Amino acid sequence: MMSPEFYSEVGNLLMWLLTAAWLLPLLGFVIEIFGGYWSDRKSKTPAYLAVGCIGTGFLLSLVALLTWVDAADLNLWHFGDTESAAVAHHEADAAEAGHEDDHSHSHDHADHSNAHGEHGDAHHDGGHHGGHESHANDPFKTAFAGTFYRLGKYGSLDITLDWYIDGLTVAMFAMVTLIATCIHIFAIGYMSDELTERYEDHFVHTEDGGHFHRVGRFYRFFAYLSLFCFAMLGLVLAGNIFQVFIFWELVGVCSYLLIGFYVERKTASTAANKAFIMNRVGDFGFLIGLMILWTWFGVFQFAETNPETVGSTGLFQMVRTADGELETQGEGREKVVVLQAQQGIHKDGGNPHPTIPYFLLVAAGLGIFGGCIGKSAQFPLQTWLPDAMEGPTPVSALVHSATMVAAGVYLVGRFYPMFTPEVLLVIAYTGCITLFVGATIAVVATDIKKVLAYSTISQLGYMMLALGVGGWLAGLFHLITHAFFKSLMFLCSGSVIHGCHHEQEMTKMGGLAKKMPITCWTMFVGVVAISGLAIPFLGIPKLGAIAFSGYHSKDAIVAAGMTFSSLNPIHSLLFFVPLITAGITAFYMFRMWFMTFFGKPKDQHVYDHAHESPRVMTAPLLILAFFAMFCAIGGENGPLAQLILTTEPVHVAEGAMEAGHIGLNLPGHHQIHEFHASAGAVALLVAFGGTILAYLFYGLGIVDTGAMQKQFGGVHEFLREKWMFDELYEWMWVRPTLVVATWAAAFDRCVLDRFLGFLAGMVVAISSWDRRFDEAVVDRLVNAVGEATSSVGRSLRYVQTGRLRQYVMFIAVSVVMLFFVLFAYLPR
Amino acid sequence: MENVGLEMFLAVSAVLFVCGVVCMATKRNAIGVLMGVELVLNGANLNLVAFSRYGSLGLDGQVMSLFVIVLAAAEAAAALAIVLAFYNNHMTVDVDQATDLQG
Amino acid sequence: MNPFLLATSIENWIDSASFWPLSVLPAAVWAAIIHTTLVGLFFGLPAFVFIWAERKVAGRIQDRLGPTRVGGRFGWLQSLADGVKLIQKEDLAPNAADVMLFRLAPYIVVIAAFSAFMFLPFSAGLVAVAMDAGLFIALAVLSLEVLGIVLAGYASGSKWSLFGGMREAAQMVSYEVPLGITVVIPVVVAGTLNLGEIGALQSGGIQNWLIFSSPFTFLAFFVFFTVTLASNKRAPFDLAEAESELVGGFHTEYSGMRWSFFFLAEYASMFFVSALGAILFLGGWWTGFSPLDNWLLSTAQSSVGGDYLLRVFGMKILMVKAAILVFVQIWIRWTLPRLRIDQVMTTCLKYLVPMSCFLFLGAVIWPLVLATTIGQTSIWSPVGDRMPRSRRSGEPEVSSEVEGDETAMNRWNSRDSLVTVGLSTGEAE
Amino acid sequence: MSTVLFVIYALAASGGALAVVLSQNVVRMAFWLVISLSSVAGLFFLLGADFVGATQLLIYVGGTVVLLIFGVMLTSSGPYGTIKSQPAEVVQAGIIGMAFLALVASTVLSVNWEANEVRLAHANDHAEHGHVHEVSEPESEQGYNPEESGNTTRSLGTALLGVRFDKDLSLESEDGSNHGHTHGNHEVSAGYLLPFEIVSVHLLVVLVGAAYLARAKRRVDVENA
């Protein structure tokens, strides 16, 4: 535990830095959206403003990151040999056990928070020599939380605007702002078509056969991007789940606006609606989860980390004990979870502590995860994401690959302590299905952006799977690395599309490597990264394997899956599916790369007009390529992983045996570590397999892909139709809804309308009677009064002479008279 | 001031007041009427200050009379403006001619 | 009793001269005679001197000699000769005139102009009526002068006079606004309406003169001076008697002594406003040479004779300052051409009023700005150091434990001193 | 001495007022009004209200009356034009005026003011829960600050700014030893800051309104045009 002074000092500094980084894009948005109306449509000022805002945000985030690392006293370059890490694990475990013994006597529930505090202090004593594991066991050592503003208080229920800053937050901030900055810069070039008073949209045809014309919307694009950055950073900075929900919806709105940026295109507006509506489905689950939490906990805050008041409030501290376990009582349906901070709302009769039924905790977790399903395009709500590629490519890069869709993963990671093993299993299987479905569709997709979109779905599935099987670090690690290389690839595809004059079909490309070398080779970096390729059997001491970022994170995921399936043989699907899919991933990514950049030009027209993008677009590519290569350097012992690891919930590191109702075995760090090497080797092997296959198919052209398609016509068609999800939903939901709507309309017409017509007729009849009454009685009465008033006035007008002097006389005379009257009658 | 009591001042103010009222009542010239008003206000003022000196009114009487003076000046300005406007329209300042609104 | 009245001075005089073996009534008579004589001399002298000076200066400015014959080489006694001539003239009243007002108007003018001197301190304590509202009353009395002018213009029964009177009325009503505001500026700086206190504050060196207290007071003095020119009907604002247009303006129909009354009043009020300007802005009766001032002050506090010395010397200083200002007024009259009446009104309403308002605001804000920037309310040393608040007879003593360390209480703290006064009043009872 | 002065001023004020009533010429009325108002100012000085007197002189005599004469000049159709009233009206008004005067004067003279004052003081004492009021001793202390009369400027100024030295502080210190700290017994009065501000705004409004009313309207003469 840090001292309160240090806590508040560093916490405030971080809060100001990140809040500034968070609010700057909002400022930019306001200026752009209002200033844009009056500014010149050909001005690039909005773009510079947006870049300035988000760039400043990046610098602030960078400062915050350094500050945080400094405050956490973290040795990021923790490149020990692998044994020492394992030893550290055991040491930490031993220390943990010792402390358990120390406190077992006084560990009753009445003064639990107190015990919690002592616990933290004890860990602090032994913390420094133990390496990063001590941080992991000391749950909130380097987390800062606080409240911006209290929105309202209803009894014991509190709604506040909070902030919560830990290693994950600062890492996400740095990642989001860096990628957003690059994409903003890229978009200056990409969206330069819009810098006109008369933009011709080639995809919208007017009735006379021409194209639709409108004014350019350059400023609006950047305003939306800024708003998105604001929302995304707010989501990351949020200190309670309700606030997360607010920004969750806000990013949804931004996504809607950006997908529907070319609103005149039917496809774009439909895709925007689809994205929005499908997200609502997931958010419904989110709302249910929120209601459960609200009803049983009464707080939304993640955790209270102030060393003076630690443990007094916060969801995590209420659910988990100090060593990260759930404290349960009862069995079966009677099973309840005892809340730790004595803050909850419901108490059992015989139980001094507030409790929450176990199944409700599961339901809450599933609900929240439902939101994540929608936002992260997981099965079964994945179909909106490919359609979302209707938006401009920078949007796809920023919103629909790197940041917003990763928010679901982020939330699962952030909310991890609230998830019971049952929920984790659901998460794992959802991710497993998603990654396979996405990868298979990507194999047959021909639209360059669609390939990337399905790849995104697949990779998000990987992350979910990792989180579900207990590889917390692996999932979030992959989140960051994926953000870099996927945004890189999207920007590359944007560059290709820009260079080919908005041609997106890979079947019309080919051989572009000569025309656009920078794009080609930066894309290659991304492809290698996502495929998880590495140079086998060679490793630089201290730095691990020679590989790009994707290798390290995917390696970690596969290792987690492997460990999990070895501990739970019944769930071995959770290892083999991602393993196979790793190969598929390599295959389709290289397929895309070869189809686009190599081989013979398939469409000479496109090829002739293709050109390398301007420097403003290639520079971000190079920056992102650099990060895609090196951001995960050192693997799980590297700085990025270490940074994220500080946030890892306590119970994850140790794992759990026979957890939950279903007896799930969750792997701990040391178990995953045992499988790490073998998992890496297997994954690499599979990835090479996929790569070689792709090279044979599309690089060398040995196999005739057309023939293959014919041969596997059924499967191919099934995959082309995206596993028939859209058709399925059409039949399952849309058609029935329409039928019900038809019935409802008929009911309206036949029953309700007639009833209303009858009512209206009644009213008309009553009012006609009323009118007669009015005319006969009320009017006459009023007229009589008016006549009377008027006649009185006529007779009185002679008194009012209008002569000033007479009035004065009146006054004087009346005063005298009044006085005499009073004088005569007043008792003396 | 030994021999002069409150009554004396009140008597003077009564004279001023009555003169003002009579002035208002007899003068046909609008400006004469205004002068009557000033006299009335001065009578009241004298009362206020006299009570402030002799009574328990304290400083309040003086403050009140200050306000009365200031507001009387404002009144005079506004009334003069009205008289001028009246003169512009009727070419006279005889208040008996101001019968436009007579019932 | 009441310090305002002539009675007070007589009673005080009787009190102070208790050794004088006189009963009350003869004493009062004597006092009245002496006062009247003094006043007559005092009113007459400056007017006579300035009328002569005006003619001499005009002559010099117009490259003439001016009066040279009467009373020696410089025409010393020219004014006396004029006066003798005017007294001898027949007192005429036109047929068309409203005779009563026609005859009364000059008296109103003269009384108003000369009554204002009652409130003018010529030196430390050398003032007929010392009261807190002194400056206010002085201005009020001075403003009565215009009534006489207007009545004269009206009662003459001549259109020239009527025009002159109307112009004067319009001009005065307008110019009283900037006059009031510019006069209030030094009042705000000094924190008192008492002319004696305002003068006493400015001892100890030229930097303590209120004109140098801030840039705004510096500018305010010039606005004040311009406005006083107009309120005295001096050129270039002498529209009421514009000879070239209105024959003689309001005094067209006057002759003899009544005519000369207008001029006596004009020169008296010229002197009065100049002295007022000197007291308000130019350090009053102080030399502006700090060793001399301090010596005078310390002598005055230590001995009766020193007190007398301060009064006499201070009065001379004030006279000199006022005379210089009068000279400038004369100089301006013979230098600048007369404005048109619309120009006169425009000058006032469009320029002088906004300017004076701005200067007033500036002068109010200036000490606050200084207090926040350099930590004291004046760019010079705090004014209150130089002189404790003057002790008026009637004001209760400020108890020493309240004042104590606060002898350095500066002018800005005069509000605090009010608190102490209020407190000690209660204690005394 | 002051009695003599009072007589002079009272006679001048009353006589001036009467002359205003009796004279027919408007400018003469204005002149007599000046005499009357100046005498009232003198009465103010006698009453120790120097600031009020000065204000009376400056505003009434210097401002209002000049405005009146100005108005007369602008509106009089001919030299010395008079608008005569009906003799019957004058008689009527005279009778009523006399009755009014008799009424007011008899009231003034018949009321025992000092006894009323004492009664009022007692009533105040009871109302203020026995707080010792300075008016409770009518012989020794009467009215406002009599021995220091004539210097009301500071008190008035502070009262208009919202601070009442004459009331708050003197009452406080009257309580005895703990002067300056006893705010418990009574509340510090707010003075006249708000009325002062209201009057200021009122004056401004009146000025604007007057300027609007009196502005020179160009008469549209259809026949000549």
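All figures in this text were calculated on a predicted structure; none of them were measured in a lab. Letters go in sequence order (proteins before strands), and every chain restarts at 1.
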Looking at chain D, which one of B/L71, B/V12, B/V49, B/I82 has the largest number of heavy-atom pairs inside 4.5 Å, strictly under? B/V49
With ring-ring contact (aromatic ring centres under 6.0 Å, His included) as the criterion, how do B/F9 and D/F6 come out once you've worked through the C-alpha distance, each side chain's angles and the decisive distance to 0.1 Å? CA-CA 9 Å; B/F9 285 97; D/F6 171 76; 4.8 Å; yes
Which region of D/S200, side chain (C-beta onward) or backbone (N, CA, C, O), has a non-hydrogen atom less than 4.5 Å from a non-hydrogen atom of chain B, or is it both or neither? neither
Taking D/F51's backbone N and O only, do any of them form a donor-acceptor pair with D/T55's side chain (distance below 3.5 Å, no angle check)? yes
From the list B/I69, B/L16, B/L41, B/V15, the residue making the most non-hydrogen contacts under 4.5 Å with chain D is B/I69
Chain D contact via B/V70 - which portion, at a heavy-atom distance below 4.5 Å: both
Identify the two heavy atoms, one from B/A79 and one from B/L34, that lie closest to each other, and give their separation to 0.1 Å. CB-CD2, 3.2 Å
Below 4.5 Å from any heavy atom of chain B, which atoms of D/I59 appear? Answer side chain, backbone, both or neither. side chain
Using a 3.5 Å distance criterion without hydrogens, assess whether the side chain of B/K27 forms a donor-acceptor pair with backbone atoms of B/G36. no
For D/G97 and B/V18, which heavy atoms make the closest approach, and how far apart are they? O-CG1, 3.2 Å
For B/F17, is it the side chain, the backbone, both or neither that has a heavy atom under 4.5 Å from a heavy atom of chain D? side chain
Under 4.5 Å, counting heavy-atom pairs only, tell me which of D/A13, D/A17, D/G16 racks up the most with chain B. D/A17
Chi angles and distances behind the side-chain contact (heavy atoms from CB on, under 4.5 Å) call for D/Y192, B/F67: CA-CA 10 Å; D/Y192 288 93; B/F67 284 142; 3.8 Å; yes
Cut-off 4.5 Å, heavy atoms of chain B, and the answer for D/L33 is side chain
Option that, when pairs with chain B are counted at under 4.5 Å, heavy atom only, ranks first among D/V104, D/L101, D/L203: D/L101
Is any side-chain heavy atom of B/L10 closer than 4.5 Å to one of B/L6? yes
